[in-house]
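Read the structure below first, then the notes.
FYI, side chains are in, hydrogens and waters are out, and symmetry mates aren't considered; it's all heavy atoms of this structure. Convention: sequence-line order gives letters A, B, ...; per-chain numbering from 1.
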Number of protein chains: 2
Amino acid sequence: MPDILEDADRHCAKTGARLTPLRRRVLELVARSGAPVKAYDLLSQIDRSSTSAKPPTVYRALDFLIEAGLVHRVEALNAFVACPQAGHGHAAVLYVCESCANVTEVQGARPGQENKPPGFTVKRSVIEHYGLCVDCPKP
Amino acid sequence: MPDILEDADRHCAKTGARLTPLRRRVLELVARSGAPVKAYDLLSQIDRSSTSAKPPTVYRALDFLIEAGLVHRVEALNAFVACPQAGHGHAAVLYVCESCANVTEVQGARPGQENKPPGFTVKRSVIEHYGLCVDCPKP
DNA sequence: CCTTAAGGTGTTACGTTATTACATCCGCTC
DNA sequence: GAGCGGATGTAATAACGTAACACCTTAAGG
């Protein structure tokens with residue numbers, strides 16, 4: 001797969017977003033873990049390198065990365081995953097395996113809008129499916 | 001609109017779920033507020049009547065109500081709304097107005113499964129759309 | 001009647017997640 | 001080098017959620 005970090009560099013160069021060392025490091029940590037990562041886990045991993053990171057450090061970096069479309073927040077898990085395709089950020093559908101924690105992201109196809117209430121303007125959607133991926137045994 | 005509490009009574013009588021006074025009271029509080037309610041807000045409202053409610057009290061009641069399909073959790077808000085139709089619980093699509101906080105629930109039409117990864121078995125879906133309802137001014 | 005078991009609630013304590021507010025620093029422009 | 005804006009450091013605390021255990025009621029079975 002294409003390198004997420006290089007992808008992010010290119011994407012930020014193009015959009016003017018400032019991918020600082022700290023933000024890049026947080027993205028790297030999120031990307032390395034194949035699964036959703038908790039903010040405080042990131043925190044303790046950063047901790048090991050720098051002096052002693054505090055919550056706002058990592059939350060600010062995550063806010064930036066989400067805004068830049070490089071990371072998704074998994075709402076029902078209070079966790080974060082790297083977006084495999086920089087910039088597609090805000091239109092993702094996530095399939096989360098409850099057994100192995102693997103997350104698959106599907107782009108496009110923003111469903112549910114057909115039945116939407118009349119006159120409602122959608123700005124942001126949270127679409128997360130939980131279940132079992134093809135590799136995990138069905139109980 | 002049909003009375004949510006009576007609806008809940010009927011639904012629980014049919015399914016054998018035990019809608020105790022405490023649980024009924026929590027449902028009432030959630031239903032009265034037209035908007036998503038926070039667990040700790042419920043807590044302080046219960047507080048006023050009974051001696052002094054603690055977090056597990058309200059979280060246990062909410063767990064029951066969600067399980068019974070009477071309440072939905074709004075994942076991206078850490079909040080809760082009453083389901084207008086008892087029992088349709090687990091298949092809801094929510095439209096949340098970010099201006100007036102009103103929530104409209106649409107049943108059926110569980111989208112997104114067309115593009116799902118091969119072999120993935122969906123057990124539960126979180127589908128929440130955020131934006132502006134028809135009554136709120138567009139910025 | 002007494003015992004037992006199950007489910008619900010009360011209570012304490014704690015763990016986890018997230019934000020506010022303010023200080024500091026770095027790079028840029030004038 | 002003064003001033004500015006964005007990024008980061010730091011302390012404190014708010015907001016959200018759960019574990020563990022005690023107690024009580026209710027229903028079933030002897």
Side-chain angles (χ1 to χ4, degrees), chain A residues 8-9 12-13 15-30 33 35-68 70-81 101 126 128, chain B residues 8-9 12-13 15-30 33 35-68 70-81 101 126 128:
Chain A
D9 286 333
C12 288
T15 62
R18 294 176 53 179
L19 190 61
T20 65
L22 176 62
R23 291 165 172 173
R24 199 169 188 280
R25 169 126 178 79
V26 170
L27 175 58
E28 185 185 358
L29 290 172
V30 177
S33 157
V37 200
K38 303 284 201 162
Y40 275 66
D41 291 346
L42 292 171
L43 198 48
S44 60
Q45 289 181 262
I46 297 175
D47 238 345
R48 283 201 264 290
S49 45
S50 102
T51 64
S52 169
K54 312 294 181 192
T57 304
V58 68
Y59 281 107
R60 283 192 289 229
L62 288 169
D63 285 348
F64 167 86
L65 294 169
I66 290 168
E67 187 67 21
L70 300 170
V71 160
H72 300 292
R73 182 184 165 89
V74 188
E75 295 289 350
L77 298 180
N78 294 333
F80 304 85
V81 292
V126 175
E128 301 171 0
Chain B
D9 287 332
C12 288
T15 62
R18 297 175 52 180
L19 189 60
T20 64
L22 176 61
R23 290 165 174 174
R24 199 169 187 279
R25 170 126 178 78
V26 171
L27 175 58
E28 185 185 358
L29 290 171
V30 177
S33 157
V37 201
K38 303 285 201 161
Y40 275 66
D41 292 346
L42 292 171
L43 198 48
S44 59
Q45 290 183 261
I46 297 176
D47 237 345
R48 284 201 264 288
S49 45
S50 102
T51 65
S52 170
K54 314 292 179 192
T57 303
V58 69
Y59 280 107
R60 283 191 289 226
L62 287 169
D63 284 349
F64 168 86
L65 293 169
I66 290 168
E67 185 67 22
L70 300 170
V71 161
H72 299 292
R73 183 185 166 90
V74 188
E75 296 289 350
L77 298 180
N78 294 335
F80 303 86
V81 291
V126 174
E128 302 172 359

key: Touch class at under 4.0 angstrom, heavy-atom based, for Thr20(A) against every strand present   = sugar-phosphate
query = Atom CZ of Arg18(A) to atom P of dA7(D): distance rounded to whole Å?
reply = 5 Å
message = Can you see if the side chain of Thr57(A) gets near the phosphate of dT8(D) - specifically, an N or O under 4.0 Å from OP1 or OP2?
response = no
request  = Using a 4.5 Å cut-off on heavy atoms from C-beta on, say whether the side chain of Phe64(A) contacts that of Val71(A).
outcome  = no
ask   = Taking only residues two or more places apart in sequence, or in another chain, which ones meet Glu28(B) in a side-chain contact (heavy atoms from CB on, under 4.5 Å)?
value = Leu5(B), Arg25(B), Arg32(B)
query = Within a strict 4.5 Å, meaning less than it, do heavy atoms of the Leu62(A) and Arg23(A) side chains meet?
reply = no
query = To the nearest Å, how far apart are Leu19(A) CG and dT8(D) C1'?
reply = 15 Å
message = From CZ of Arg23(B) over to P of dG10(C), roughly how many Å is that when rounded to an integer?
response = 11 Å
key: 4.5 Å side-chain heavy-atom contact, Leu65(A) and Val26(A)   = yes
What N/O pairs connect the protein and nucleotides 18-24 of chain C at under 3.5 Å? Give each pair on its own line.
unit_1, atom_1, unit_2, atom_2, d
dA18(C), OP1, Arg73(A), NH1, 3.1
dA18(C), OP1, Arg73(A), NH2, 2.4
dA18(C), OP2, Tyr59(A), OH, 2.8
dA18(C), O5', Tyr59(A), OH, 3.4
dA18(C), N7, Tyr40(A), OH, 2.6
dA18(C), N6, Tyr40(A), OH, 3.2

key: Main-chain N/O of Ala76(A) paired with Glu128(A) side-chain donor or acceptor, under 3.5 Å   = yes
key: Contact under 4.0 Å: Lys38(A) side-chain N or O vs dT17(C) OP1/OP2   = yes
Whole-Å distance separating the CG atom of Leu77(B) from the P atom of dA15(D) = 16 Å
ask   = Within the side chain of Ser44(B), is there an N or O that forms a donor-acceptor pair under 3.5 Å with the backbone of Asp41(B)?
value = yes
inquiry  = Test of understanding: with salt bridge (Lys or Arg N to Asp or Glu O under 4.0 Å), list the residues that count as partners of Asp63(B), not counting sequence neighbours.
reply    = none
inquiry  = Please report the distance, rounded to the nearest Å, between CG in Leu42(B) and P in dT9(C).
reply    = 15 Å
inquiry  = If I take atom NZ in residue Lys54(B) and atom C1' in nucleotide dA20(D), what distance separates them, rounded to the nearest angstrom?
reply    = 16 Å
task = Take atom CZ of Arg24(B) and atom P of dT9(C), then tell me their distance rounded to the nearest Å.
result = 14 Å
note = Here the distance between atom P of dT8(D) and atom CG of Leu65(A), to the nearest Å, is 10 Å
